[in-house]
Chemist: 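Quick one: this structure, given as structure tokens, is what I'll be asking you about.
Please read these numbers as outputs of a predicted model, since none were measured by experiment.
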Amino acid sequence: MHQAITARRARIGGCAVSLALLGGLLLGWSERAGAAADPLLSKGRAATASSTEGSSYAAGKAFDGSGSTRWASAEGKDPQWLQVDLGATATITRIKLSWEAAYAKAYRLETSADGTTWTALTTEKAGDGGTDEFTGLSGKGRYVRMYGTARGTSYGYSLYEMEVYGTTGATTPSPSPSPSSSTPPTTGAFTVVAAGDIAAQCTAADSGCAHPKTAALAQRIDPAFYITMGDSQYDDARLADFKNYYDKTWGAFKAKTRPVPGNHETYDPAGSLAGYKSYFGAVAYPQGKSYYSYDQGNWHFIALDSNSFDQSAQIDWLKADLAANGKKCIAAYWHHPLYSSGGHGNDPVSKPVWKILYAAGADLVLNGHDHHYERFAPQDPDGRATPDGLVEIVGGTGGAEPYPIEQVQPNSQKRISGDYGVLKLDFTDSGYRWTYVGTDGQVKDTSPAYSCH
């Protein structure tokens with residue numbers, strides 16, 4: 001049975017009590033010392049929650065290493081949960097919870113390999129706040145969560161810190177590559193949030209307005225950066241509309257956003273892409289064009305403007321960019337998908353770009369345009385399933401009115417229409433996977449794990 005070591009906030013007085021407490025600590029020292037030797041795995045990792053009390057109490061606040069910040073859920077509702085992605089499968093040995101006054105009376109600590117199917121590590125049925133520390137745990141998973149089933153107060157749930165300790169694999173170092181090896185150096189894992197088709201002309205004052213909700217979800221995840229796959233602002237993407245709608249939600253993290261334009265950005269009466277360029281500035285034109293590339297970790301990202309795929313300048317630039325790339329893994333994104341089961345359907349404008357990316361051994365393509373979520377098995381530009389093909393995701397679920405699924409395309413593995421949400425993409429030096437997370441905080445779909453070509 002796992003033991004909960006709870007440090008009370010009440011003062012303890014008297015020498016006899018102090019000696020008894022010291023004796024108890026010494027008796028349990030051996031087990032706790034072994035657990036304490038394992039490293040802290042959760043600090044700074046991507047986190048999500050069932051709800052938050054507000055932007056100042058985001059899920060990531062419980063994993064930032066600070067005792068003065070905290071996650072807080074919505075008040076008066078059960079159940080609630082707080083979840084962290086450790087970035088890799090780990091063996092969990094110890095978990096420490098530092099509660100604010102709004103504590104859990106009953107909760108489970110759980111682990112999961114995929115963020116969908118959960119296994120209990122231990123259960124608390126008589127929590128009374130303070131600090132709960134569970135040692136001697138034995139469970140494996142990439143994701144760990146606190147699942148609260150009964151509040152200890154009339155408020156919600158609130159944690160200053162949730163610390164997860166354990167090991168992530170063998171400690172024997174890998175042999176160093178020879179000087180002639182072209183293997184890129186290890187640079188670490190990171191998370192990206194992506195969505196397309198975002199800001200309808202509405203605000204948070206309208207309960208049916210979705211882009212404030214997807215923005216709040218995206219901000220709670222707190223990724224390395226954000227990707228938008230076009231049609232960030234409806235209907236004609238004027239600068240005034242960007243300022244009145246998009247800027248009040250997704251604009252909160254504009255500096256960390258890597259956007260591309262969609263067809264609606266071309267409808268601006270002031271000129272094609274005029275409002276888009278004025279609003280985003282160098283964020284969208286870092287290399288002086290509406291298309292650009294950048295690196296993160298062992299990944300090369302290519303942001304393209306599918307409104308001008310028929311122009312040789314962008315195609316020539318893409319070929320040169322890929323020829324100069326030194327990263328192992330490649331992801332590209334633009335607005336119009338080559339394959340889609342939604343209302344717009346397949347768009348052949350993207351096929352020449354697919355051929356170039358496929359020939360270069362690219363791995364992942366992200367698109368919007370159709371307002372649903374869909375993932376495809378790896379396929380070649382002609383739609384033939386192949387292990388060395390491109391994986392395509394349609395993610396036009398950022399806030400615009402959903403489109404129904406109309407004609408299911410070959411190699412389509414999962415389709416969700418009607419739910420708003422974002423893609424949470426987890427990248428490593430040699431592969432990737434993702435979850436589609438709804439605005440209710442629930443994981444709606446989990447991808448397979450893919451290795452880079």
Chemist: Would you say the ring centers of W299 and Y432 fall short of 6.0 Å from each other?
Modeler: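 Yes - the distance between ring centres of W299 and Y432 falls below the 6.0 Å cut-off.
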Chemist: Check this for me: does any side-chain nitrogen of one of K289 and D305 sit under 4.0 Å from a carboxylate oxygen of the other?
Modeler: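 Answer for the salt bridge query: no.
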Chemist: Is the count of non-hydrogen atoms from other residues, nucleotides or ligands lying under 6.0 Å from K444 atom NZ greater than 12?
Modeler: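 Check passes, neighbour count above 12.
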Chemist: Assess, by modelled atom type and distance only, whether the side chains of H300 and D321 contain a donor and an acceptor separated by less than 3.5 Å.
Modeler: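 A pair is found: one side chain offers a donor N or O, the other an acceptor, under 3.5 Å apart.
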Chemist: Tell me whether the count of non-hydrogen atoms from other residues, nucleotides or ligands lying under 6.0 Å of NZ in K254 goes above 12.
Modeler: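 Yes, enclosed.
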Chemist: How close do A237 and D268 get, heavy atom to heavy atom, and via which atoms?
Modeler: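 Here A237 and D268 meet closest at O-OD2, 3.6 Å.
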Chemist: Taking the six-membered ring for Trp, are W334 and F309 parallel (under 30°), tilted (30 to 60°) or perpendicular (over 60°)?
Modeler: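 It falls in the perpendicular class, over 60°.
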Chemist: Can you classify the ring geometry of F280 versus Y246 as parallel (below 30°), tilted (30 to 60°) or perpendicular (above 60°)?
Modeler: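 Plane angle over 60°, so perpendicular.
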Chemist: Please identify which of these residues, Y276, F242, Y234, meets the ring-ring contact (aromatic ring centres under 6.0 Å, His included) condition with H264.
Modeler: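 Among Y276, F242, Y234, the one meeting ring-ring contact (aromatic ring centres under 6.0 Å, His included) with H264 is Y234.
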Chemist: Quick test of your reading of the model: are D426 and K424 salt-bridged, counting only N-O distances below 4.0 Å?
Modeler: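 Result for this pair is yes, salt bridge flagged.
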Chemist: Could you tell me whether R415 and D370 have a side-chain N and a carboxylate O separated by less than 4.0 Å?
Modeler: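 Salt bridge flag = no for D370 with R415.
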Chemist: How are the rings of Y294 and F301 set relative to one another: parallel (under 30°), tilted (30 to 60°) or perpendicular (over 60°)?
Modeler: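 Ring orientation of Y294 relative to F301: parallel.
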Chemist: Less than 4.0 Å between a side-chain N and a carboxylate O, is that true for D380 and R384?
Modeler: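 Answer for the salt bridge query: yes.
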Chemist: Looking at R94 and E133, is there a salt bridge between them, counting it only when a charged N and a carboxylate O are closer than 4.0 Å?
Modeler: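 Yes.
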Chemist: Under a 3.5 Å cutoff, is there a donor and acceptor pairing between the side chains of D78 and Y157?
Modeler: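 A pair is found: one side chain offers a donor N or O, the other an acceptor, under 3.5 Å apart.
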Chemist: For K256, I'd like to know if atom NZ has over 12 heavy atoms of other residues, nucleotides or ligands within 6.0 Å.
Modeler: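 Yes, NZ of K256 has more than 12 neighbouring heavy atoms, counting only those of other groups under 6.0 Å.
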Chemist: Has Q407 got more than 12 heavy atoms of other residues, nucleotides or ligands less than 6.0 Å from its CD?
Modeler: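 Check fails, neighbour count at 12 or below.
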Chemist: Do Y285 and Q287 have side-chain N/O donor and acceptor atoms under 3.5 Å apart?
Modeler: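 On atom types as modelled, these side chains do not qualify, holding no pair under 3.5 Å.
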Chemist: Are the ring centres of Y339 and W354 closer than 6.0 Å?
Modeler: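 Judged by ring-centre distance (under 6.0 Å), Y339 and W354 do meet the cut-off.
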Chemist: Counting distance only, does the side-chain N/O of T52 pair as donor-acceptor with the main-chain N or O of A58 below 3.5 Å?
Modeler: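 Such a contact is absent between T52 side chain and A58 backbone.
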Chemist: Kindly confirm or rule out a cation-pi arrangement of K43 over F63, judged by NZ or CZ under 6.0 Å from the six-membered ring centre and within 45° of its axis?
Modeler: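 No.
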Chemist: Stepwise, does the side chain to side chain contact (heavy atoms under 4.5 Å, CB included) test hold for D382 with K351?
Modeler: CA-CA 8 Å; D382 294 317; K351 194 167 186 177; 2.8 Å; yes
Chemist: Verify the distance criterion only: is there a donor paired with an acceptor across the side chains of Q80 and S51 at less than 3.5 Å?
Modeler: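 Present: a donor and an acceptor within the cut-off.
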Chemist: Can you tell me how the ring of Y403 sits relative to the ring of H371, calling it parallel under 30°, perpendicular over 60° and tilted otherwise?
Modeler: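 Because their plane-to-plane angle is under 30°, the rings of Y403 and H371 count as parallel.
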Chemist: Checking Q409 against N346: is there a side-chain donor and acceptor pair closer than 3.5 Å?
Modeler: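 Yes, side-chain donor-acceptor contact under 3.5 Å.
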